[in-house]
Colleague: 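The structure's right below; bear with me while I get my questions together.
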Amino acid sequence: MELCPSIKNILLLDSEGKRIAVKYYSDDWPTNAAKEAFEKAIFTKTQKTNARTEAEITMFENYVVVYKFVQDLHFFVTGGENENEIILATVLQGFFDAVGILLRGTVDKKEALENLDLILLCLDEIVDGGIILETDANVIAGKVASHSIDAGAPLSEQTITQALATAREHLTRSLLK
Amino acid sequence: MAQPLVKKDDDRDDEADYSPFLGIEKGAVLQEARVFNDPQLDPRRCSQVITKLLYLLNQGESFTKVEATEVFFAVTKLFQSRDIGLRRMVYMMIKELSPSADEVIIVTSSLMKDMTSKTDMYRANAIRVLCRITDGTLLTQIERYLKQAIVDKNPVVASAALVSGIHLLQTNPEIVKRWSNEVQEAVQSRAALVQFHALALLHQIRQNDRLAVNKLVTSLTRGSVRSPLAQCLLIRYTSQVIRESANNTQTGDRPFYDFLEGCLRHKAEMVIFEAARAITELNGVTSRELTPAITVLQLFLSSSKPVLRFAAVRTLNKVAMTHPMAVTNCNIDMESLISDQNRSIATLAITTLLKTGNESSVDRLMKQITNFMSDIADEFKIVVVEAIRSLCLKFPLKHRSLMNFLSNILREEGGFEYKKAIVDSIVILIRDIPEAKESGLLHLCEFIEDCEFTYLSTQILHFLGIEGPKTSDPSKYIRYIYNRVHLENATVRAGAVSTLAKFGAMVDSLKPRIFVLLRRCVFDNDDEVRDRATLYLNTLGGDGAVVETGEDVKDFLFGSLDIPLVNLENSLKNYEASEEPFDINSVPREVKTQPLAEKKAPGKKPTGLGAPPPGPPSTVDAYEKLLSSIPEFANFGKLFKSSAPVELTEAETEYAVNVVKHIFDGHVVFQYNCTNTIPEQLLENVIVVVDASEAEEFAEVASKPLRSLPYDSPGQTFVAFEKPEGVPAVGKFSNMLRFIVKEVDPSTGEAEDDGVEDEYQLEDLEVVAADYMLKVGVSNFRNAWESMGADFERVDEYGLGPRDSLAEAVNAVINLLGMQPCEGTEVVPNNSRSHTCLLSGVYIGNVKVLVRLQFGLDGPKDVAMKLAVRSEDEVVSDAIHEIVASG
């Protein structure tokens with residue numbers, strides 16, 4: 001097991017260090033309190049750095065943490081101290097870009113919370129129990145966004161529901177702006 | 001899902017804090033979850049509710065057992081809907097709820113149906129969910145589908161099955177191992193990620209079969225791996241194979257090195273880096289092997305991506321510890337990294353430079369670091385301080401500039417841990433570099449003038465008390481110490497009083513003045529300070545007469561408390577106030593071994609008992625502390641060297657004993673680490689009887705028996721010998737373990753009262769010349785060799801007779817001398833006819849020794865050797881030749 005590249009956690013925090021979506025794949029943080037302490041510490045440590053153009057990296061309590069910020073969102077990927085840093089960065093980039101695609105370019109906290117289901121699915125598609133599932137942002141986003149109806153469903157039902165859904169989506173979007 | 005999940009609040013002034021989950025409440029969401037039971041499902045609404053539930057869980061909210069069960073049953077109803085989006089949410093929800101075994105049954109059939117569905121997304125996800133929540137019994141039912149899924153055309157499905165296989169291997173290895181044919185097929189998949197997952201699983205299935213792993217690596221390194229991740233895995237497996245094969249063949253052949261080197265030219269950065277790192281971590285890597293890896297890492301150093309720079313500098317930093325010469329090529333790139341935005345990178349660059357730097361570059365480096373120190377966090381500063389400390393120990397001549405640097409940063413702002421690191425460093429430098437002592441002590445004095453940390457002040461005062469009186473002008477420290485009595489809190493004041501007393505005891509000329517100061521302290525408003533002042537005035541004879549301080553007074557002031565504090569605490573607790581005063585001699589001095597009952601905690605396998613435990617931590621520090629705590633050995637002086645433990649018993653015998661040889665200038669102490677592996681026995685009065693008839697120069701002076709040795713609690717017994725001072729005397733010792741054995745009832749752990757005396761023969765032990773040699777490396781052998789000069793050079797040639805190989809001869813000589821090979825020269829390239837090996841060490845009496853060995857093959861098997869020794873003392877140079885001549 002120890003030879004396989006593994007991810008300890010993936011975090012998406014806001015500009016105050018509060019959780020938007022987090023996923024832990026390791027028992028290193030058994031309780032919610034331990035998790036929150038880790039998030040707080042890593043947020044404080046990285047807060048002042050500029051990780052907006054390129055992903056940044058740091059060591060923290062024997063973990064390697066890579067991170068990247070955009071708007072009021074802070075993305076983190078954590079690995080063990082001997083993990084290949086570039087693999088971690090690849091996972092981070094996959095997550096970061098996939099979220100960008102799924103949120104259609106408007107990547108901020110508000111949008112992320114409104115589409116939390118997509119973010120959670122995105123996390124689910126990137127890593128399974130610490131093992132990297134996929135790192136290509138387009139593939140990840142593609143898997144998450146396939147919101148169509150089961151092919152086995154009756155054709156009539158499919159079209160009507162689908163049309164309704166699209167219409168409603170468009171309507172609310174224009175109303176909100 | 002653009003629709004906000006909760007109606008937005010009316011007040012809009014707090015725009016930034018707006019969240020669709022504002023005011024969300026668990027109870028209300030659980031109520032909402034009732035929509036799952038509606039006969040007419042609204043997929044959109046259901047998805048929203050699941051999102052809210054997931055949000056709550058993600059925020060750390062937990063559901064009670066009842067709540068979780070209710071949600072779970074409601075969620076299972078959603079399998080009726082054919083909306084893919086909703087189904088995905090259902091899968092996620094089930095994984096998050098991790099249902100219990102009886103609940104799993106409810107969803108099994110739905111998930112199994114999805115596993116065989118035509119929709120790829122269903123198959124992939126159903127496999128992941130089912131494998132996550134299932135137990136072994138169900139696995140046999142779905143095994144057929146999983147095997148099919150592994151070779152599924154759709155890569156997502158195949159990956160899902162393979163990754164699930166990796167997880168299941170932990171719990172149900174026997175089932176997963178049956179899939180190896182399918183997994184093998186998947187390794188050849190065209191899909192990158194499938195290949196990665198298949199390779200990971202295949203290796204795990206075979207990891208205990210060394211031959212199979214070897215075959216796997218051999219076939220794959222010929223090149224059919226497409227995915228960079230899979231290639232990284234392959235590199236890791238390859239280095240594992242290299243590691244293990246190195247133990248078997250001593251030929252020096254590095255089978256897969258070419259593969260690793262080839263990976264340095266891969267197009268994916270992660271592969272390049274993985275390969276470079278693997279090469280740097282090879283056992284006994286040679287500089288020739290290192291070069292290509294260092295070159296690619298050097299390129300990374302100037303990358304625009306911080307992650308690459310970090311990865312490269314971190315790896316080079318590690319390489320610098322063992323092969324500083326190999327890294328010096330990167331020094332220019334490294335220096336430009338000092339100003340890197342990312343402070344982790346800058347710190348790693350600095351510490352690497354400190355490791356690779358030579359004596360001449362120290363000053364320039366220090367200048368650069370000074371600018372750098374002001375804008376990094378404490379945690380990085382501590383790393384730098386530690387690096388500077390080791391640099392100073394490496395180049396003692398540079399102590400002035402380095403000590404100045406430390407004192408400057410000591411004056412600047414900083415937290416406790418940082419200040420402590422600096423103070424510790426200065427203390428270590430004072431101890432190890434005599435010339436640095438006076439300036440170091442003054443720096444510390446200045447520091448305590450304005451030190452906000454009580455702990456550090458008292459530590460420094462204590463240290464001053466020991467070192468200060470031995471300096472050329474002790475009186476100059478008094479002012480600093482006495483100032484504490486005026487300005488500080490009670491704890492520091494008490495410490496200052498003790499320090500004053502130590503000066504008074506050691507320096508007779510200062511005594512009258514110390515008495516004056518101590519008398520003033522008698523009026524302090526803290527009782528501890530007053531008590532100490534009074535006590536010291538009396539012990540030092542403060543009635544005005546300047547008398548010679550008695551030995552026992554010095555003992556009292558300077559002797560360390562050699563009683564374990566736990567024991568003292570226990571004795572004090574048991575002491576009942578009475579006419580009889582408390583006697584400190586009644587406190588047991590032995591460190592208590594843990595009672596038998598505690599030791600037999602469940603989960604501890606008794607099989608590991610055969611081999612003796614490694615004893616206390618094998619660092620010199622720990623040994624030094626241990627030995628100095630034993631009064632019999634306290635006056636032996638400074639410990640020169642402690643050997644690695646030597647086994648005196650076969651594995652799996654009744655009593656396991658190993659010995660550590662502690663070499664002092666005029667003494668040798670054998671520390672026997674004993675372990676009793678028989679649960680039914682308790683050994684008492686354990687001692688090793690040593691026959692030194694074959695070691696003429698040694699005379700036994702003391703021994704320290706072990707009072708009791710219960711089952712599985714290692715204990716130590718010591719025997720000390722006197723030997724001619726400074727002489728590397730050698731000899732052979734035969735050992736006999738003698739003890740009183742008592743029967744123990746294993747069920748109660750109680751020992752019988754009567755014991756029988758018994759003996760146990762141990763193997764012989766030898767003190768050899770290598771025991772008098774410390775392995776101390778030099779970073780630049782040529783420089784060291786040149787600066788040592790040829791004054792005491794001794795050169796001679798030896799024939800080593802027929803040997804298996806050149807490498808074997810080289811190893812034999814290295815082990816004989818016990819010196820540190822430098823610059824990786826202990827590795828002999830394959831098939832070479834000659835080899836030069838460079839060794840360095842410190843011989844007893846602290847004499848630096850450098851050795852240059854030139855080996856050549858003379859005829860088919862005969863090895864000839866030319867030995868050139870340089871040292872600071874011709875006697876030592878001759879002694880080295882004698883070791884080789886007689887070895």
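Values below: every heavy atom of this structure, side chains too, minus hydrogens, waters and symmetry copies. Keep in mind that this is a model prediction, so the values were computed, not measured. Quick note on labels: first sequence line is chain A, next is B, and so on, each numbered from 1.
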Colleague: Answer yes or no: is there an ion pair linking R314(B) with E81(A), defined by an N-O contact shorter than 4.0 Å?
Modeller: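 Salt bridge between R314(B) and E81(A), a charged N being under 4.0 Å from a carboxylate O: no.
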
Colleague: If every non-hydrogen atom of P306(B) is compared with every non-hydrogen atom of I57(A), which pair is closest and at what distance?
Modeller: O-CG2, 3.9 Å

Colleague: Could you give the distance from CG (L54(B)) to CG (L123(A)), rounded to the nearest 0.5 Å?
Modeller: 11.0 Å

Colleague: Below 4.5 Å from any heavy atom of chain B, which atoms of K45(A) appear? Answer side chain, backbone, both or neither.
Modeller: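 Interface part for K45(A): side chain.
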
Colleague: Examine whether an atom of A200(B) lies under 4.5 Å from a heavy atom of chain A, and if so say whether it belongs to the side chain, the backbone or both; otherwise answer neither.
Modeller: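 Just its side chain gets close to chain A.
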
Colleague: To the nearest 0.5 Å, what is the distance between SG on C4(A) and OH on Y237(B)?
Modeller: 6.0 Å

Colleague: Between R128(B), M89(B), K305(B), who has the most heavy-atom pairs with chain A when the cutoff is under 4.5 Å?
Modeller: R128(B)

Colleague: Does either side chain, that of N342(B) or that of E56(A), offer a donor lying less than 3.5 Å from an acceptor on the other one?
Modeller: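 A donor-acceptor contact under 3.5 Å links the two side chains.
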
Colleague: Taking side chain as everything from C-beta outward and backbone as N, CA, C, O, which of these in D120(B) sits under 4.5 Å from a heavy atom of chain A? Side chain, backbone, both or neither.
Modeller: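 D120(B) has no heavy atom closer than 4.5 Å to chain A.
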
Colleague: Measure V271(B) against the heavy atoms of chain A and call it side chain, backbone, both or neither at under 4.5 Å.
Modeller: neither

Colleague: Hey, what do you get for CG (L308(B)) to CD (E85(A)), rounding to the nearest 0.5 Å?
Modeller: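 Reported to 0.5 Å precision, the distance equals 9.5 Å.
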
Colleague: Scan R88(B), M92(B), E96(B) and name whichever one has a side chain to side chain contact (heavy atoms under 4.5 Å, CB included) with L120(A).
Modeller: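 Only one of R88(B), M92(B), E96(B) forms a side chain to side chain contact (heavy atoms under 4.5 Å, CB included) with L120(A), namely M92(B).
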
Colleague: Is K23(A) in contact with chain B via its backbone, its side chain, both, or neither, using a 4.5 Å heavy-atom distance?
Modeller: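 For K23(A), the contact with chain B is made by the side chain alone.
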
Colleague: So what's closer than 4.5 Å to chain B heavy atoms on D108(A): side chain, backbone, both or neither?
Modeller: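 Neither the backbone nor the side chain of D108(A) comes within 4.5 Å of chain B.
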
Colleague: What option among V64(A), T90(A), I86(A) has the most heavy-atom pairs under 4.5 Å with chain B?
Modeller: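 If we count pairs closer than 4.5 Å to chain B, I86(A) comes out on top.
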
Colleague: Among D124(A), T31(A), V66(A), who wins on heavy-atom pairs under 4.5 Å with chain B?
Modeller: D124(A)

Colleague: Picking from I50(B), L229(B), L169(B), which has the most non-hydrogen pairs under 4.5 angstrom with chain A?
Modeller: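 Heavy-atom pairs under 4.5 Å are most numerous for L229(B).
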
Colleague: Between atom CD of E114(A) and atom OG1 of T51(B), what is the distance when rounded to the nearest 0.5 Å?
Modeller: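 Here the rounded value is 12.5 Å.
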
Colleague: Given heavy-atom pairs under 4.5 angstrom as the criterion, report whether the side chain, backbone, both or neither of V127(A) touches chain B.
Modeller: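 For V127(A), the backbone is the part near chain B, not the side chain.
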
Colleague: With a 4.5 angstrom heavy-atom cut-off, could you sort out which part of K118(B) is near chain A: side chain, backbone, both or neither?
Modeller: neither

Colleague: Go through the atoms of V22(A) and report whether side chain, backbone, both or neither lie under 4.5 Å from a heavy atom of chain B.
Modeller: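 It is both, since atoms from each part get that close.
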
Colleague: Can you give me the closest heavy-atom contact between R236(B) and L3(A), atom names plus distance?
Modeller: NH1-O, 3.0 Å

Colleague: Examine distances only and state if a side-chain atom of D117(A) and a backbone atom of S47(B) form a donor-acceptor pair shorter than 3.5 Å.
Modeller: no

Colleague: When rounded to the nearest 0.5 angstrom, what distance separates CG in L121(A) from OH in Y91(B)?
Modeller: 12.0 Å

Colleague: Could you pull out the closest heavy-atom pair between M59(A) and S344(B), with the gap in Å?
Modeller: N-OG, 4.3 Å

Colleague: Looking at every heavy atom in both I131(A) and H197(B), which two are closest together, and how far apart are they?
Modeller: CG2-CD2, 4.0 Å

Colleague: What closest approach, in Å, do C232(B) and I87(A) show between heavy atoms, and which atom pair accounts for it?
Modeller: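 For C232(B) versus I87(A), the nearest heavy atoms are SG-CD1, 4.0 Å.
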
Colleague: In terms of heavy-atom contacts, does CD of Q341(B) have more than 12 from other residues, nucleotides or ligands at under 6.0 Å?
Modeller: no

Colleague: Please report the closest heavy-atom contact between I20(A) and Q59(B), naming both atoms and the distance.
Modeller: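 Heavy-atom minimum between the residues: O-NE2, 4.1 Å.
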
Colleague: With respect to chain B, which residue among D136(A), N32(A), N84(A) yields the maximal number of heavy-atom pairs within a distance under 4.5 Å?
Modeller: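 When all of D136(A), N32(A), N84(A) are compared, N84(A) has the most.
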
Colleague: Using atom types as modelled and distance alone, determine if a side-chain donor or acceptor of H167(B) lies under 3.5 Å from a backbone N or O of D128(A).
Modeller: yes

